Student: 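Dropping a structure here in structure tokens format, bear with me for questions.
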Amino acid sequence: MKTTPLYQAHLRHGGRMVAFAGYALPLQYTSIVEEHLAVRRKAGLFDVSHMGEFLIRGEEALPFLQWATVNDVGKLKVGRAQYSMLPSERGGVVDDIYLYRLGEAVYLMVVNAANIAKDLDHLKALARGFRVEVEDVSEATALLALQGPEAAAILQSLTGADLSARRKNDVFEAQVAGRPARLARTGYTGEDGFELFLAPEDAEAVFEALLAAGARPCGLGARDTLRLEAGFPLYGHELTEATNPLCTPWAWVVKREKDFLGKEAMLASPCREKLVGLVLETGIPREGYAVLSEKGPVGRVTSGGYSPLLEKGIALAYVEKEAEGPFFVEVRGRAVPASISPLPFVPLK
């Protein structure tokens, strides 16, 4: 089991450690609901050092990334970031990623922890036709996520950089608590906030400084309920290699006007399902639960849980494209009425 540079800090602050993507990480420190609401109302701090980071550089970095990802990298200016996906040759999703442009021909790609080895092999195979270098810097990078309406004020108290001038998806260098950091106004909770890329040896000092400045330590449990309320996909749940992204709410990220790996297969693949948001009258939906109409099973829950803000069970689910409500979710043998909800379940900040 791997550990992050913050392992001892998690133990010291009472983190309940669990195995996740090969790492020992805190599920929670107190309760998932308390930590969830702390992020929605004040600020929470997550250790996401298990995520993977690749540096991609070289004179053909741009055409390589145009081919390897579905979003338009040509519109990504230096100091900016964009959400994207790695398509497969068959038009599915190898992974969903965040791409940061650090220089004219230097990019940082953040990938899901469970997919680091797969993504690296995939990108290195694609890179053979380009003058570009793909370097895995995951072990040399610690990553913190400070999220919530008070995140900017807390971070501002520890840095001389003017955060008020920074927009969503900006990425820039700064000192935080006297340590060099790469800051990005990005996150995975639906709240305003920043992600901090740090040298592993600086992570614990910055983590403690952010907690002392008012952030609350939060675990994986709250991170998942926050992203679910925000209607964000989780790879392996809403997105897989069998998923056509054009058949999802995240089709906007696919830029059809450019060429990319698997484009023809993706465009030719029919959409037989649609992803919907569901709010249950009672009970808590979980991954794999059946979605029913009055005619029988029509789909499955891909992510489900309790929404601390709505105080109800909520779910993301794929259902047959032509299926019509009313819908139900089978919870412990009971067909619980579920209403369709627009996504996100709560307003994004």
Side-chain angles (χ1 to χ4, degrees), residues 32-33 36-37 39-41 70-71 83-85 91-93 96 147 187-191 221-254 256 266-267 269-349:
I32 292 174
V33 170
H36 180 112
L37 293 175
V39 173
R40 289 277 182 252
R41 295 168 179 168
V70 297
N71 207 336
Y83 176 65
S84 192
M85 298 178 191
V93 182
D96 65 331
Q147 302 281 289
Y188 191 49
T189 62
E191 293 293 332
R223 184 170 167 83
D224 193 53
T225 55
L226 288 157
R227 76 92 192 166
L228 179 58
E229 276 188 347
F232 294 156
L234 177 62
Y235 192 82
H237 295 249
E238 288 71 44
L239 299 174
T240 70
E241 295 208 27
T243 304
N244 181 344
L246 295 175
C247 305
T248 73
W250 308 285
W252 60 268
V253 78
V254 180
R256 300 174 187 236
M266 191 182 295
L267 294 178
S269 177
C271 297
R272 296 187 173 89
E273 295 180 323
K274 57 186 176 184
L275 188 136
V276 298
L278 296 171
V279 177
L280 278 63
E281 288 188 4
T282 61
I284 307 299
R286 299 298 182 193
E287 181 190 3
Y289 282 11
V291 180
L292 315 170
S293 73
E294 292 181 329
K295 296 179 180 178
V298 293
R300 68 199 183 283
V301 170
T302 49
S303 293
Y306 176 74
S307 165
L309 274 193
L310 301 178
E311 298 183 337
K312 289 180 177 294
I314 60 174
L316 299 175
Y318 279 107
V319 300
E320 295 171 6
K321 185 178 178 182
E322 307 302 328
E324 295 182 352
F327 292 112
F328 307 85
V329 174
E330 191 172 272
V331 180
R332 300 178 184 274
R334 285 191 309 123
V336 176
S339 57
I340 295 286
S341 169
L343 296 175
F345 292 100
V346 300
L348 301 183
K349 305 294 175 56

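This one's a predicted model, so the numbers in the text were calculated from it and none came from an experiment.
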Student: Test your reading of the model: is there a side-chain donor-acceptor pair from Arg40 to the backbone of Leu226, 3.5 Å cut-off?
Tutor: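 Yes, because the side chain of Arg40 sits within donor-acceptor range (under 3.5 Å) of the backbone of Leu226.
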
Student: So do Glu322 and Val298 actually touch side chain to side chain, heavy atoms under 4.5 Å?
Tutor: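 Counting from C-beta outward, Val298 and Glu322 never come under 4.5 Å.
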
Student: Within the distance-only criterion (no hydrogens, no angle test), does the side chain of Tyr306 pair as donor or acceptor with the backbone N or O of Val33 below 3.5 angstrom?
Tutor: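 No, because the side chain of Tyr306 does not come within donor-acceptor range (under 3.5 Å) of the backbone of Val33.
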
Student: Below 4.5 Å, heavy atoms only, C-beta onward: do Pro297 and Glu330 meet side chain to side chain?
Tutor: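 They are not in contact (no side-chain heavy atoms under 4.5 Å apart), so the answer is no.
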
Student: Taking 4.0 angstrom as the limit, do Glu238 and Arg227 come out as a salt bridge?
Tutor: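 So Glu238 pairs with Arg227 through a salt bridge.
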
Student: What pair of heavy atoms forms the shortest contact from Ile314 to Pro285, and how long is it?
Tutor: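 For Ile314 versus Pro285, the nearest heavy atoms are O-CG, 3.1 Å.
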
Student: Measure the acute angle between the ring planes of Phe232 and Tyr188, then classify it against the limits of 30° and 60° as parallel, tilted or perpendicular.
Tutor: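 Ring orientation of Phe232 relative to Tyr188: parallel.
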
Student: With a 3.5 Å distance limit and no angle check, can you tell me whether Ser84 reaches the backbone of Asn71 through a side-chain donor-acceptor pair?
Tutor: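 Checking the backbone N and O of Asn71 against the side chain of Ser84, a donor-acceptor pair under 3.5 Å is found.
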
Student: Grab the two heavy atoms, one from Thr189 and one from Ala230, that are nearest each other, plus how far apart they are.
Tutor: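 Closest approach of Thr189 to Ala230: O-CB, 3.8 Å.
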
Student: Looking at side-chain heavy atoms only, is the closest gap between Phe327 and Val276 below 4.5 Å?
Tutor: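 Phe327 does not reach Val276 side chain to side chain.
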
Student: Indicate yes or no for a side-chain donor-acceptor contact from Thr248 to the backbone of Pro245 under 3.5 Å, with no hydrogens or angles considered.
Tutor: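 At least one qualifying donor-acceptor pair exists.
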
Student: Could you report the tightest heavy-atom contact between Ile340 and Leu278, atom names first, then the distance?
Tutor: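 Looking at all heavy atoms of both residues, the shortest contact is CD1-CD2, 3.6 Å.
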
Student: If only atom types and distance count, is the side chain of Asn244 paired as donor or acceptor with the main-chain N or O of Met266 below 3.5 Å?
Tutor: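 Yes, Asn244 side chain to Met266 backbone: donor-acceptor pair under 3.5 Å.
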
